[in-house]
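What follows is a single structure, written as structure tokens, with notes after it.
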Amino acid sequence: MPEGNELHRWAEMHNTAFGGKKVRVEGPNGRFEDAVLLDRKVLKRVTAVGKHLGYDFGPDRVLHVHMGLYGDFTEGTGKAPEMRGALRLRISTPNDWLELRGPTDCSVWTTEKWNALRERLGPDPLNGDDPKRAYERIAKRKTPIGLLLMDQEIFSGLGNIFRAELLFRARLSPFRAGNEVDAAKLKRIWKDSGKLMRDAMEDRRIVTTKPADRPHKKGPALNEEAHYVYRRQGRPCFICGTKVMTKVMGGRNLFWCPVCQAE
DNA sequence: GCCTTATGCTCAC
DNA sequence: TGAGCCTAAGGCT
């Protein structure tokens with residue numbers, strides 16, 4: 001159940017373990033028969049773009065993985081474990097292995113299709129992209145900013161946790177129209193997203209609260225104080241004490257503080 | 001054990 | 001706008 005931080009961490013790990021090496025590729029549950037196209041070939045490199053992963057095995061041999069809501073990897077060293085359960089994909093060398101379960105997509109793409117995806121996606125805070133195009137798009141739209149932040153063609157890699165937390169940290173209402181969002185504030189949100197996602201990559205955990213704002217100000221954040229508003233509906237805002245609200249926006253649960261993020 | 005929920009996206013209507 | 005995909009974890013019994 002990943003957002004961009006997790007995808008980029010996977011790309012790094014899988015590059016380290018498998019990049020430039022000849023690998024075994026297997027699709028044991030029968031839902032990835034194209035594994036034979038890649039098996040015993042060299043995996044050149046692994047790239048993360050937004051929430052997508054591309055495993056480059058050469059021209060028209062790009063393994064595309066999208067996790068959807070459920071996908072997850074497990075990795076390990078040494079001999080791969082017994083195949084079991086709904087295992088979609090296994091990549092292995094004699095030294096390392098990974099297993100993939102539950103992705104929305106695991107299929108071999110043409111280079112053209114992969115490039116078209118990259119073209120379609122908006123700037124990714126973790127890829128050093130230029131955010132200018134995203135700013136321009138947002139400034140033209142009357143759509144609420146809470147929806148625009150989730151649109152992968154505007155920014156790529158942000159998901160439901162970052163939507164809620166970035167808006168809170170910017171003290172911006174999710175219902176504010178894109179064209180009414182202050183330009184400087186939008187810039188700060190972009191910078192903030194890069195920082196939060198890089199921290200999350202390192203920590204392997206998304207923590208958005210500042211220590212000074214937490215009930216326990218010392219030490220690492222407890223799970224229940226790692227986020228300002230995400231899944232904290234009905235509980236008091238750490239800043240003002242008002243109950244955190246929730247509502248479905250864009251088919252996903254949105255969380256916000258009606259006072260700190262007044263419309 | 002069962003039920004609900006979930007960091008996502010696509011397609012049909 | 002809503003259903004469908006498909007898996008795991010956590011809360012409940």
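In the text below, chain A, chain B and the rest are named by the order of the sequence lines, each starting its count at 1. Both backbone and side-chain heavy atoms feed into the values below; hydrogens, waters and symmetry mates do not.
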Point to revise | salt bridge (charged side-chain N to carboxylate O under 4.0 Å, His left out) pairs, two or more places apart, involving residues 35-63 of chain A | key: Arg24(A)-Asp39(A)
Review point. Between dG8(B) and Arg252(A), is there an OP1 or OP2 to side-chain N/O distance shorter than 4.0 Å?
Key: yes
Review point. To the nearest angstrom, how far is Lys247(A) atom NZ from dT1(C) atom P?
Key: 11 Å
Check your understanding: Do His52(A) and Asp105(A) have side-chain atoms, one donor and one acceptor, less than 3.5 Å apart?
Key -> no
Point to revise | Pairs where residues 198-224 of chain A contributes a residue and the test salt bridge (charged side-chain N to carboxylate O under 4.0 Å, His left out) is met, not counting sequence neighbours | key: Lys195(A)-Asp199(A)
Check your understanding: For residues 141-165 of chain A, which residues have at least one heavy atom under 4.0 Å from DNA chain C?
Key -> none
Practice item. Identify which nucleotide among dT7(C), dC6(C), dA6(B) has an atom closest to any side-chain atom of Arg231(A), counting heavy atoms from C-beta outward. Key: dA6(B)
Check your understanding: What residues form a salt bridge (Lys or Arg N to Asp or Glu O under 4.0 Å) with Arg120(A), not counting sequence neighbours?
Key -> Glu153(A)
Exercise for review: Using atom CG of Leu69(A) as one end and atom C1' of dA3(C) as the other, report the distance to the nearest whole Å.
Suggested key: 14 Å
Practice item. For Arg169(A), check salt bridge (Lys or Arg N to Asp or Glu O under 4.0 Å) against everything at least two apart and list the hits. Key: Asp192(A)
Check your understanding: What stem regions, each of at least 3 consecutive Watson-Crick or G-U pairs below 3.5 Å, can be found for DNA chain C?
Key -> B:1-6 with C:7-12, B:8-12 with C:1-5
Distance-only check: which donor-acceptor pairs under 3.5 Å involve side-chain atoms of residues 236-252 of chain A, not counting sequence neighbours?
{"unit_1": "Thr246(A)", "atom_1": "OG1", "unit_2": "Leu254(A)", "atom_2": "O", "d": "3.0"}

Practice item. Output all residues satisfying salt bridge (Lys or Arg N to Asp or Glu O under 4.0 Å) with Glu112(A), sequence neighbours left out; order by chain, then residue number. Key: none
Practice item. Using a heavy-atom cut-off of under 4.0 Å over every strand shown, decide if Asn5(A) touches base, sugar-phosphate, or nothing. Key: nothing
Review point. Ala116(A): what forms a side-chain contact (heavy atoms from CB on, under 4.5 Å) with it, not counting sequence neighbours?
Key: none
Check your understanding: Can you name the salt bridge (Lys or Arg N to Asp or Glu O under 4.0 Å) partners of Arg90(A), sequence neighbours left out?
Key -> Glu99(A)
**Study point:** Given dC6(C), dT10(B), dG8(B), the nucleotide with the shortest approach to the side chain of Tyr70(A)
**Key:** dC6(C)
**Study point:** Residues in contact with DNA chain C, drawn from residues 97-105 of chain A - heavy-atom cutoff 4.0 Å
**Key:** Arg101(A), Gly102(A)
Point to revise | Any residue meeting side-chain contact (heavy atoms from CB on, under 4.5 Å) with Pro131(A), in chain and number order, not counting sequence neighbours | key: Tyr135(A), Trp190(A)
Point to revise | P atoms of dT5(B) and dA3(C), separation to the nearest Å | key: 15 Å
